[in-house]
Amino acid sequence: MTNPTVLITGGAKRIGAQMARAFAKAGWHVIIHYGHSREDAEKLAATLPSAETAQCDLADGDAAVAMVQRLSDTHESLRLLINSAAVFRYDGADAIDPAIFAEAMQVNAQTPARMAQAFLKGTAGRAVINMLDMKLANPNPDFFSYTMAKHALSSTVRMLAMAYPSQRIYGLAPGAMMPSWDQQPDEHLTSGRMNLLQRLTDPVELADAALFLADGVLASGETLFIDSGQFLLSQPRDVLYLARA
């Protein structure tokens with residue numbers, strides 16, 4: 001029997017790599033998408049039981065859709081798309097940066113939405129997981145364009161679930177769990193505990209949640225928050241800066 005296949009965008013590093021390892025351990029064939037991290041992607045693929053790599057610059061939406069269509073044609077077992085790749089650059093609510101905004105909306109919202117559309121039009125029984133952010137429920141003025149783009153991507157989850165009732169689409173919203181931006185290790189240990197449980201959320205928990213969603217038990221169109229309760233708080237700034245204060 002052919003193992004199910006998952007395509008993970010941004011799968012060479014950080015949370016994407018964690019998911020690649022988890023799905024490979026669970027018996028999936030993993031396609032590790034990368035933009036510019038070829039060496040990291042190939043090294044990771046070499047450590048997994050069944051994996052390959054695929055390159056595409058997600059700033060080019062047409063190329064991203066073509067990649068999905070090509071992989072769908074060559075992998076009959078392709079069952080899951082995880083839109084994990086994202087750009088994370090700073091601008092604030094006081095002054096939006098047009099270039100940062102344009103890049104964030106393209107890479108973090110428009111391209112994954114188009115990839116999801118192309119993927120869901122394919123073979124029955126497919127699923128998409130869009131990686132979101134707990135900032136959907138606990139927003140702050142920092143990383144303004146990034147947050148706007150994640151809100152835009154979040155809005156697609158239920159709409160696509162309605163448009164493709166025979167397929168499944170989910171949102172997965174992590175909180176602070178890995179060092180971000182220019183954080184130092186001690187800052188990460190502090191900021192990562194700024195949640196209701198006052199604990200560091202392990203990226204393994206996020207990967208486990210993705211595996212749970214892949215089973216299709218949860219109704220399509222739903223979003224899970226994996227953040228030890230951070231989304232239930234109201235924080236005036238990104239925890240990166242709260243930790244420094």
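All values reported here derive from a predicted model rather than from experimental measurement. Residue numbers start at 1 and run along the sequence shown.
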Which pair of non-hydrogen atoms, one from [X] and one from [Y], has the smallest distance, and what is that distance?
| X | Y | answer |
| --- | --- | --- |
| Thr223 | Ala173 | CG2-CB, 4.3 Å |
| Ser77 | Thr5 | OG-OG1, 2.7 Å |
| Met67 | Ala54 | SD-CB, 4.1 Å |
| Ser84 | Ile8 | CB-CG2, 4.3 Å |
| Pro174 | Asp227 | C-CB, 4.3 Å |
| Ala20 | Leu48 | O-CD1, 4.0 Å |

If you define the side chain from C-beta out and look only at heavy atoms, does anything of [X] sit under 4.5 Å from [Y]?
| X | Y | answer |
| --- | --- | --- |
| Lys43 | Thr47 | no |
| Met177 | Asp202 | no |
| Leu240 | Glu187 | no |
| Leu80 | Pro4 | no |
| Leu81 | Thr9 | yes |
| Gln230 | Asn138 | yes |
| Arg193 | Leu200 | yes |

(request) Would you list the pairs meeting salt bridge (Lys or Arg N to Asp or Glu O under 4.0 Å) in which at least one residue belongs to residues 72-99, sequence neighbours left out? (result) Arg89-Glu103
Using atom types as modelled and distance alone, determine if a side-chain donor or acceptor of [X] lies under 3.5 Å from a backbone N or O of [Y].
| X | Y | result |
| --- | --- | --- |
| Ser72 | Val68 | yes |
| Lys135 | Met148 | no |
| His188 | Gln183 | no |
| Asn130 | Asn83 | no |
| Thr111 | Leu58 | yes |
| Gln167 | Arg126 | yes |
| Ser220 | Ile169 | yes |
| Glu222 | Ala219 | no |
| Thr156 | Ala152 | no |
| Asn195 | Leu197 | yes |

Let me confirm one number: the [atom1]-[atom2] distance from [X] to [Y], rounded to the nearest 0.5 Å.
| X | Y | atom1 | atom2 | result |
| --- | --- | --- | --- | --- |
| Leu153 | Met105 | CG | CE | 9.5 Å |
| Met19 | Leu172 | CE | CG | 5.0 Å |
| Leu232 | Leu196 | CG | CG | 5.5 Å |
| His75 | Ile31 | NE2 | CD1 | 4.0 Å |
| Met159 | Ser154 | CE | OG | 9.0 Å |

(message) Strictly by ring-ring contact (aromatic ring centres under 6.0 Å, His included), give each pair with a member in residues 100-150 just once, sequence neighbours left out.
(response) Phe88-Phe143, Phe88-Tyr146, Tyr90-Phe143, Phe143-Trp181
(request) Might you work through the salt bridge (Lys or Arg N to Asp or Glu O under 4.0 Å) test for Asp182 and Arg244, ending with a clear yes or no? (result) CA-CA 11 Å; Asp182 60 352; Arg244 289 179 182 173; 2.5 Å; yes
(request) Flag yes if more than 12 heavy atoms outside Arg158 fall under 6.0 Å of its CZ atom; otherwise flag no. (result) no
(request) Kindly check if the number of other-residue, nucleotide or ligand heavy atoms within 6.0 Å of CZ (Arg70) is above 12? (result) yes
Does [X] belong to the same Ile/Leu/Val/Met/Phe/Trp/Tyr cluster as [Y], with side-chain heavy atoms less than 4.5 Å apart forming each link?
| X | Y | result |
| --- | --- | --- |
| Val30 | Leu7 | no |
| Tyr34 | Ile82 | no |
| Phe231 | Met194 | no |
| Val239 | Leu136 | no |
| Trp28 | Leu206 | yes |

(message) Between Gln235 and Asn140, is there a side-chain donor-acceptor contact under 3.5 Å, judged purely by atom types and distance?
(response) no
(request) Could you pull out all residues at least two apart from Asn108 that satisfy side-chain hydrogen bond (donor to acceptor under 3.5 Å, both in side chains)? (result) none
(request) I would like to know whether His29 and Ser50 meet side chain to side chain donor-acceptor pair (under 3.5 Å); could you show each step before the answer? (result) CA-CA 5 Å; His29 176 69; Ser50 181; 2.6 Å; yes
